[in-house]
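Read the structure below first, then the notes.
In this chain, residues are counted from 1 in sequence order. Small disclaimer: the values here were computed from a predicted structure and weren't measured.
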Amino acid sequence: MPSLDKPFDQQVHAYYSANHGWIRSWLYKRVGNASDAADLAHDVFVRLLSKPRQFDSDQHARAYLGTITRHLCIDFWRRQHLQQAWLEALAALPEPLAPSEEERALVFEALEQVQQMLTRLPEKVCQAFLMAQVQGLGYREIANRLQVSERSVTKYMSQAMYQCLLLELELQ
């Protein structure tokens, strides 16, 4: 077990030495690509370095690293799904309307940030927002579908719009 007296970077090195192999192997089984698995395994330790923590035991450290690993894997799958949907939408465009590679990258980055924002919203807030923005439903219809009051829908939409505003400020 890494000593609590060691500097944090030495502790991370010890955790890396002890856990990197199984993390990379676990990720490879899930993502099916050695390169992506290696990148994600690296990201686990970058995240640990960015948010220093002390652990009571090797088991505690391993459990924490496992949690980070699972979250990064889920984020990876979400990104892959979003990227696939974006590529399918691009394939449907006539050639003269297709965006440049730079524009594609910028739009994909913005879509990724919107998706992250939506996943942080409470479930009903996200549902109400998507029903209004994607399906074009009014507050009354959303309230009926979610089995809540129109006032609740108004509150949900306020929360979602506030998060959109924060995201817009972040993107600028």
Side-chain angles (χ1 to χ4, degrees), residues 1-87 89 101-130 132-134 152 155-172:
M1 178 170 110
S3 166
L4 297 179
D5 297 334
K6 288 183 184 178
F8 186 71
D9 60 335
Q10 288 179 351
Q11 290 178 21
V12 171
H13 179 72
Y15 295 137
Y16 184 92
S17 297
N19 297 291
H20 183 261
W22 75 262
I23 289 172
R24 193 180 65 235
S25 176
W26 187 91
L27 286 164
Y28 177 71
K29 289 175 188 171
R30 269 103 188 138
V31 301
N33 178 306
S35 177
D36 289 334
D39 287 345
L40 290 170
H42 175 76
D43 290 347
V44 169
F45 294 95
V46 168
R47 188 162 294 180
L48 180 61
L49 281 169
S50 70
K51 294 183 181 177
R53 293 185 51 115
Q54 294 292 329
F55 300 105
D56 300 331
S57 66
D58 285 342
Q59 292 79 16
H60 183 220
R62 188 175 175 104
Y64 182 76
L65 292 171
T67 299
I68 292 173
T69 302
R70 283 188 298 282
H71 289 197
L72 286 174
C73 192
I74 290 167
D75 289 346
F76 175 81
W77 288 329
R78 283 184 183 141
R79 251 188 336 273
Q80 293 292 95
H81 181 71
L82 181 64
Q83 187 172 25
Q84 185 60 39
W86 171 235
L87 291 174
E101 287 300 318
E102 181 182 353
E103 291 169 324
R104 287 179 185 203
L106 290 171
V107 169
F108 180 70
E109 182 180 333
L111 285 172
E112 201 170 22
Q113 290 175 322
V114 168
Q115 182 185 31
Q116 289 173 5
M117 183 266 305
L118 289 172
T119 59
R120 288 191 305 262
L121 293 174
E123 185 178 344
K124 285 195 175 184
V125 173
C126 182
Q127 289 175 340
F129 179 75
L130 291 175
Q133 299 301 313
V134 177
S152 291
K155 288 180 184 178
Y156 296 161
M157 292 302 292
S158 294
Q159 287 177 323
M161 292 304 207
Y162 177 71
Q163 291 303 315
C164 288
L165 179 60
L166 292 176
L167 179 60
E168 184 178 356
L169 292 172
E170 195 177 296
L171 290 174
Q172 292 177 357

Kindly list each side-chain donor-acceptor pair under 3.5 angstrom involving residues 62-76, sequence neighbours excluded, with atom names and distances?
| from | atom 1 | to | atom 2 | distance (Å) |
| --- | --- | --- | --- | --- |
| Thr67 | OG1 | Ala63 | O | 3.1 |
| Thr67 | OG1 | Arg70 | NH2 | 3.2 |
| Thr69 | OG1 | Leu65 | O | 2.7 |
| Arg70 | NH1 | Gly66 | O | 3.3 |

Considering all heavy atoms, the nearest Val31-Ala37 contact: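 Closest approach of Val31 to Ala37, heavy atoms only: CG2-N, 3.9 Å.
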Counting neighbours of NZ on Lys124 that are heavy atoms of other residues, nucleotides or ligands and sit closer than 6.0 Å, is the number greater than 12?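 Buried by this count: over 12 neighbours within 6.0 Å.
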May I ask you to check whether over 12 heavy atoms, not counting those of His60, lie within 6.0 Å of atom NE2?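 More than 12 heavy atoms, drawn from other residues, nucleotides or ligands, come within 6.0 Å of this atom.
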To the nearest 0.5 Å, how far apart are [atom1] in [X] and [atom2] in [Y]?
{"X": "Gln54", "Y": "Gln11", "atom1": "CD", "atom2": "CD", "result": "4.5 Å"}
{"X": "Tyr15", "Y": "Leu49", "atom1": "OH", "atom2": "CG", "result": "12.0 Å"}
{"X": "Leu121", "Y": "Gln127", "atom1": "CG", "atom2": "CD", "result": "11.0 Å"}

Run the numbers on Leu111 and Val107 for side-chain contact (heavy atoms from CB on, under 4.5 Å), then give the verdict. CA-CA 6 Å; Leu111 285 172; Val107 169; 4.0 Å; yes
For [X], side chain to side chain donor-acceptor pair (under 3.5 Å) partners two or more places apart:
{"X": "Gln159", "answer": "none"}
{"X": "Glu102", "answer": "none"}
{"X": "Glu101", "answer": "none"}

Pair listing, salt bridge (charged side-chain N to carboxylate O under 4.0 Å, His left out) test, anchored in residues 110-121, at least two apart: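 Every salt bridge (charged side-chain N to carboxylate O under 4.0 Å, His left out) pair that includes a residue of residues 110-121, provided the two are not neighbours, is Arg79-Glu112.
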Only pairs at least two apart or in different chains count here, so list each side-chain hydrogen bond (donor to acceptor under 3.5 Å, both in side chains) that has a residue in residues 21-46.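 The answer is Asn19-Trp22, His20-Arg24.
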